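Note that these values count all heavy atoms, side chains included, but never hydrogens, waters or copies made by symmetry. Since the model is a prediction, treat every value here as computed from it, not as a measurement.
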Amino acid sequence: MTAQHEVKYPVMIALKVVMHSKEEAGKNVADLMEILKNIGIPLRGAVSENKSSAGKYTSYTVPVYVENKEKMHALYEALKAHPDVKFAI
């Protein structure tokens, strides 16, 4: 049996999101910022990005401040619903 770790809110996290790469510079970041804005999750630093070796995917590290479990779940649901998001952790 594995132990579950309860997240204590509020919490600062480095959200990792992998998305399909776009030719239009900044489109994915703009989409991520819109998701955060709609949920009311503030950005707490600069977003960093790294393209895959083949250029098909881009990973983003997004430092955010999440106030409660409901906002965390809403964030992951919104990311899951985005057509260009491959996965988020």
Side-chain angles (χ1 to χ4, degrees):
M1 187 166 146
T2 60
Q4 286 189 347
H5 297 281
E6 185 72 24
V7 175
K8 301 212 188 254
Y9 295 94
V11 64
M12 276 282 301
I13 64 166
L15 177 68
K16 305 283 188 182
V17 183
V18 175
M19 301 177 77
H20 293 278
S21 294
K22 296 282 189 183
E23 288 187 27
E24 182 183 333
K27 173 72 170 116
N28 282 345
V29 173
D31 287 353
L32 291 172
M33 294 304 102
E34 185 68 21
I35 288 170
L36 294 175
K37 178 182 164 197
N38 289 342
I39 298 170
I41 295 177
L43 183 66
R44 293 290 193 208
V47 176
S48 63
E49 63 182 75
N50 188 26
K51 280 198 176 188
S52 65
S53 58
K56 186 174 180 181
Y57 300 104
T58 304
S59 64
Y60 300 91
T61 301
V62 186
V64 294
Y65 179 80
V66 183
E67 295 172 352
N68 55 50
K69 183 187 268 188
E70 291 77 19
K71 285 190 177 187
M72 182 73 82
H73 287 289
L75 173 60
Y76 281 104
E77 288 301 315
L79 291 169
K80 187 166 68 171
H82 192 287
D84 290 322
V85 172
K86 188 72 173 162
F87 67 88
I89 53 174

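Residues G40 and P42 come closest through the heavy atom pair O-CD, 3.6 Å. Scanning both residues, L43 and P63, for their nearest heavy atoms gives CD1-O, 3.3 Å. Annotation for Y60 and M19: closest pair CE1-SD, 3.9 Å, computed over non-hydrogen atoms.
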**Prompt:** I13 and M72: side-chain contact (heavy atoms from CB on, under 4.5 Å), yes or no, with the steps?
**Reply:** CA-CA 10 Å; I13 64 166; M72 182 73 82; 4.0 Å; yes
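There is no path of hydrophobic side-chain contacts, each under 4.5 Å, that joins Y65 to Y76. Under the 4.5 Å side-chain contact rule for hydrophobic residues, V18 and I35 do not share a cluster.
Note: Y57 OH to N28 CG = 12.5 Å, rounded to the nearest 0.5 Å. Note that the NE2 atom of H20 and the OG atom of S52 stand 11.0 Å from one another [nearest 0.5 Å]. Distance CG/L75 to CD/E70: 13.0 Å, rounded to 0.5 Å. Rounding to the nearest 0.5 Å places OG1 of T61 at 8.5 Å from CG of N50.
The shortest distance between side-chain heavy atoms of L15 and V66 does not fall below 4.5 Å. Proximity of D84 to K27: side-chain heavy atoms (C-beta onward) are nowhere separated by under 4.5 Å.
For CZ of F87, the number of neighbouring non-hydrogen atoms (other residues, nucleotides, ligands) closer than 6.0 Å is 12 at most.
Annotation: ring-ring contact (aromatic ring centres under 6.0 Å, His included) contacts of H82 (sequence neighbours excluded): none.
Between the side chain of T58 and the backbone N or O of S21 there is no donor-acceptor pair closer than 3.5 Å. K71 places no side-chain N or O within 3.5 Å of a backbone atom of I41 that could act as its donor or acceptor partner.
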